[in-house]
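I am attaching a structure below and will ask some questions about it afterwards.
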Protein chains: 2
Amino acid sequence: MKNSDSSRITIKDIAKALNVSASTVSRVLSNHPAISESTRKLVNDKVKEMGFSIDPIASSFRSKKTKSIGVICPRIDIDFHSKVISGIEDYAYNNGYQITIFQSQDNYKKEKEIASMLETSLAAGLIICPGLQTHKYDHLKKFKKANIPLVVYDRSTDGLKTNKVMINDFEASFKATEHLIKSGCKRIGHISGDQSVSIFKARLQGYSEALIQNGLPIEEKLIKETKNLSYEEGLISANELANTNERIDGLVCANDYTAAAAIKVFKKFNYNIPEEISIIGFSNYPISKIVDPQLSTIDDNAYHMGKVASKLLIQQIEDSDFERLDYQEILIKTELIIRDSTKK
Amino acid sequence: MKNSDSSRITIKDIAKALNVSASTVSRVLSNHPAISESTRKLVNDKVKEMGFSIDPIASSFRSKKTKSIGVICPRIDIDFHSKVISGIEDYAYNNGYQITIFQSQDNYKKEKEIASMLETSLAAGLIICPGLQTHKYDHLKKFKKANIPLVVYDRSTDGLKTNKVMINDFEASFKATEHLIKSGCKRIGHISGDQSVSIFKARLQGYSEALIQNGLPIEEKLIKETKNLSYEEGLISANELANTNERIDGLVCANDYTAAAAIKVFKKFNYNIPEEISIIGFSNYPISKIVDPQLSTIDDNAYHMGKVASKLLIQQIEDSDFERLDYQEILIKTELIIRDSTKK
DNA sequence: TATATTTATGCAAATGTTTGCATAAATATA
DNA sequence: TATATTTATGCAAACATTTGCATAAATATA
C-alpha cells in the first residue's frame, strides 16, 4: 500500500494491480494498436476504478511534446483581441489543447522576450498578433527553425513567410464604400488609422479603389488620418470634415469609435443621418448598436478568426507532413451590416 | 561534441564545460545560498555564453511545481472579464508566472471538468469566476484539499470559504444612488439584474438602503428586474418606467447597457437629461463615454481586481506559511464617475 | 596544534512516462 | 509437423533536473 497516502497514482500502480507491465498500461492510454481488446478493457476499467489520470508533466517530459499553445497579443482587454482569443480557446479546448496567454503591450522587447521563452519551453505552437512596434521578425523566424508551428493573425508581417489569418481589410472597406456609393453618395470622406499599419493602409486602399471603380474623384482633404482611431480623434476629424466648404454626403470610418464620434458631430451640425450623410464604421463593436442612429458597420468576425487560427495551428502541430507544407495565408470573410446610419 | 546537433543544451553540458557537478550548476540557477561567489560567477557566465536556459518541464517534473496559473472565467470576450484577465496576466508575468485560460461558458459541467483537469496537472494555483449555474463548490473544495491555492473573483460563493476578490457592489450602488439623492432626485427607479446572482442582489440592496437612509420610500413598481441586463431589456424596462403615471426623476441602472437604453427612451419621451431625470450606470464600459449625454457611472476597477487576485494567489503559492492562513476576502473600491447624465 | 564548526561541492537516486528492442505466444503457411 | 509470420507483452533505458546525504576544504575555537 505504497500509495495509501496523498501521493499520486501512477501508471505503475495500475500495472501492479493488474500484473501487467507499465508499458502495457501506457500503450492502452495512448491507444497503441498492438494491445488486445481484453487487456485494453482490463486496464481502462482499473484506471477508472482507481481514478487515475496521466501526469501531463511527466508525459511531456518524456515525449518532448506539450498540449500547450502560446498566444501573444498586444492587450487582452481590447474587444477585438478578446474575441479572437475566445475563438482560439474554444477550438483549442475542444481538441485537447490549452492556451497560455501573454500581452506584449505593443512592446517589441517584451514580445521578443515572451517569444524566446515560449520557444524554449516546449510550446506546441504559437499564435501571435505582432505589436505595432514590431518590424523585424527574427524572433518569429526562430520558430520555423525550431520546427514549432506558428500562426500570425490580423497584422500582416512583410518579409515573414509564415501562416497568417487575416481579415480581408481591403475588400471589407471596398464593400463598405461601395454600399455608400450604391445608395447614392457622391462625396465620401474617410477617417483612417495609422498608415504604417498594414490593415489600416488596406482599408484606405479599399476606400480609394471603390471610388475609382465608380468614377468618383479621390479628394485628399476628405481623408483624415488618425493615430489611434480613438473617439476623441474621431471628434476632431469629423469636425474638420463638417467644416469643408462643400458638403460631404458619406463617411467611411476605419473603426466604430470614430464613426460614433462622427455621428455625434454631424448631428450637432444638423445633418440628418442617413438622409443627408451616410456614416459607416468598422468592427461591429457593441457601441454600434447603441449609438443613435444605430451604426452600419463591417463585422470582422473576430471570434471566427480565432477559431481558424487555432485550427490551422493544431493541424500543423498534429500533421506529421507539416514539413512538406510551407505556409498558408487565410483571409477571413467580413460581413456588411446595414443598420440605420446609412441609406438603404 | 555531443551537442553539436539541434539537441538542447542541458545543465550537464554547462557542468562538463566547467568541470563542476550538475548539482552546482542547478544550485547557482536557483540561487542556493551555499555557493561561493566565484563559482556562481563562473557558472552564470558560462550559461550566458552557451545560451542555456533551464528546461521548465524537466524542472517541474522533478520539483513537482509549476509556474502556471489556471484561470477560469465564463467568457473571455466580455469587457469585464477581459480587463480582469489583463490585470491577472500583467501581475503574473512580472512575477514569473504564466496564465492558462479557460472559458466555462457558464456551463457547470464544463467548469468542473476544467477544474479537475487543472487539479491533476500541477497548476500552481487557480483563479476563477464561477459560472452562473454553479451553486455547488465541491470541485473547488478539492483544491483546498490538494493544497493548491485558490482565488475566486467577482461572484460570491455562499458556503465556500476561500480567498475572494470582489467589488463592493452594495457600497457602489449605495454611492450611485446617494449621488442622485444629493443632487435633488426624489423618485428614483432601478433597473436590476438577475436576483439569483449575488452581485446584482447587492446592487439592489445598495439602492434600497440609500433610499431608506435618506427617508425616501421604496416603490416596488419602480424596480425592474431583467435577466441579462441587455440593451434590449433596458429599452423595455425604461419604457415601462417612463409610462408610470407619476414621473420619476432618477434612475439607477445595474449596468451601462441598460443605462444607455434608458437614455435613449427618456430622450424619446422628451425628458431633459439630466435636468428632468438623472440616469446613472454601472461598470464604466466604453459606451458610457459615447452615449449622449455622456453617462455617469461606477468604475468597477476590473483591471485592478485582476491584479489583486493575481497578487493574492501568488502570495499564497510562495508563502510557505500558507497553511497557517485560512482565507482572505478583499473588497475592491469602486469609483463614482460623474459625467453629464446626472445633475451635479 | 587539535578539534569543532562552517562553507562549498559532489554523488547518486528519484521523479512518471514513453519507446526501441527483445521475446513469448498465437496463428498462418508450406 | 515444421517453419514463418503476426500479435501481444515485457524489459530497461532515457529524458533534465533537484535534493538529501556525504564529504572535503576552509575557517573558527579551545
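Predicted model, so just to flag it, every value in this text is computed and none were measured. Labels below follow one simple rule: chain letters A, B, ... track the order of the sequence lines, proteins then strands, and each chain is numbered from 1.
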**Asked** Side-chain donor or acceptor of Ser23(B) under 3.5 Å from a matching atom on the base of dC11(C)?
**Response**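 Flag set: donor-acceptor pair detected.
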**Message:** Measure CD1/Ile11(A) against P/dA14(D) and give the value in whole Å, please.
**Reply:**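 Computing the Ile11(A):CD1 to dA14(D):P distance gives 19 Å.
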**Message:** Over all strands shown, is Ile54(B) touching base, sugar-phosphate only, or nothing at heavy-atom distances under 4.0 angstrom?
**Reply:** sugar-phosphate
**Prompt:** With Watson-Crick and G-U wobble geometry limited to distances under 3.5 Å, how should the secondary structure of DNA chain D be encoded in dot-bracket form, using | for bases paired to another strand and [ ] for crossing pairs?
**Reply:** ||||||||||||||||||||||||||||||
**Prompt:** Can you tell me if Ser23(B) and Ser26(B) form a side-chain donor-acceptor pair at under 3.5 Å?
**Reply:**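 Ser23(B) vs Ser26(B): no donor-acceptor pair found between side chains.
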**Request:** Measure from the side-chain heavy atoms of Arg62(B) and tell me the nearest of dT15(C), dT17(C), dT19(C).
**Result:** dT15(C)
**Asked** In whole Å, what is the span from the CZ atom of Arg8(A) to the C1' atom of dT17(C)?
**Response** 11 Å
Report all interatomic pairs (protein N or O, nucleotide N or O of nucleotides 21-29 of chain D) with separations under 3.5 Å.
none

**Item:** Aromatic ring of Phe61(B) stacked on base six-ring of dT17(D), 5.5 Å, 30°
**Value:** no
**Asked** Can you name the nearest heavy-atom pair linking Pro130(A) to Thr157(A), along with the distance?
**Response** CG-CG2, 3.6 Å
**Prompt:** Does the side chain of Gln105(B) come under 3.5 Å of the side chain of Tyr93(A) through a donor N or O and an acceptor N or O?
**Reply:**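 Checked: Gln105(B)/Tyr93(A) side chains show no N/O donor-acceptor pair below 3.5 Å.
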**Message:** Looking at the base of dC15(D), is there any donor atom on it, or on the side chain of Thr10(B), that sits under 3.5 Å from an acceptor on the other one?
**Reply:** no
**Item:** Residue pair Thr162(A) / Phe143(A), side-chain heavy-atom distance below 4.5 Å
**Value:** no
**Message:** By nearest heavy atom, map Thr24(B) and Lys64(B) onto DNA chain C; which one lands nearer the 5' end?
**Reply:** Thr24(B)
**Message:** I'd like to know whether Lys311(A) forms a side chain to side chain contact (heavy atoms under 4.5 Å, CB included) with Gln315(A), so could you lay out the CA-CA distance, the side-chain angles of the two residues, the decisive distance to 0.1 Å, and finally the verdict.
**Reply:** CA-CA 6 Å; Lys311(A) 186 174 179 182; Gln315(A) 227 169 270; 3.9 Å; yes
**Asked** Is it the case that more than 12 heavy atoms not belonging to Lys307(A) sit under 6.0 Å from its NZ atom?
**Response**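 Result for NZ/Lys307(A): open.
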**Asked** Within this structure, what is the CG-to-C1' distance between Leu18(B) and dG10(C), rounded to whole angstrom?
**Response**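 Checked: the CG to C1' distance equals 15 Å.
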**Message:** Can you list, in residue-number order, the parts of residues 30-47 of chain A that come under 4.0 Å of DNA chain C, counting heavy atoms only?
**Reply:** none
**Item:** Pairwise side-chain contact, Val25(A) with Val20(A), heavy-atom cut-off 4.5 Å (strictly under)
**Value:**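 Sidechains of Val20(A) and Val25(A): in contact.
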**Request:** Tell me which nucleotide among dG10(D), dT17(D), dT18(C) gets nearest to the side chain of Ser21(A).
**Result:** dG10(D)
**Message:** Run the side chain to side chain contact (heavy atoms under 4.5 Å, CB included) test on Asp55(B) and Thr10(B) for me, step by step, so that the C-alpha distance in whole Å, both residues' side-chain angles and the decisive distance to 0.1 Å come before the verdict.
**Reply:** CA-CA 8 Å; Asp55(B) 179 340; Thr10(B) 73; over 6 Å; no
**Message:** Looking at every non-hydrogen atom in both residues, tell me the closest pair between Val28(B) and Thr39(B) and how far apart they are.
**Reply:** CG2-O, 4.5 Å
**Prompt:** Would you say the side-chain atoms of Gln98(A) and Thr100(B) include a donor-acceptor pair closer than 3.5 Å?
**Reply:** no
**Asked** Of the nucleotides dT18(D), dT18(C), dC15(D), which one has an atom closest to the side chain of Ser59(B)?
**Response**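 Nearest listed nucleotide: dT18(D).
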**Request:** Go through the steps for Lys144(B) and Leu150(B) under the test side chain to side chain contact (heavy atoms under 4.5 Å, CB included), then give the verdict.
**Result:** CA-CA 7 Å; Lys144(B) 193 159 206 174; Leu150(B) 170 69; over 6 Å; no
**Prompt:** Reckon Leu29(A) touches a base, only the sugar-phosphate, or nothing at all at heavy-atom distances under 4.0 Å?
**Reply:**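 Counting heavy atoms under 4.0 Å across all strands, no contact is made by Leu29(A).
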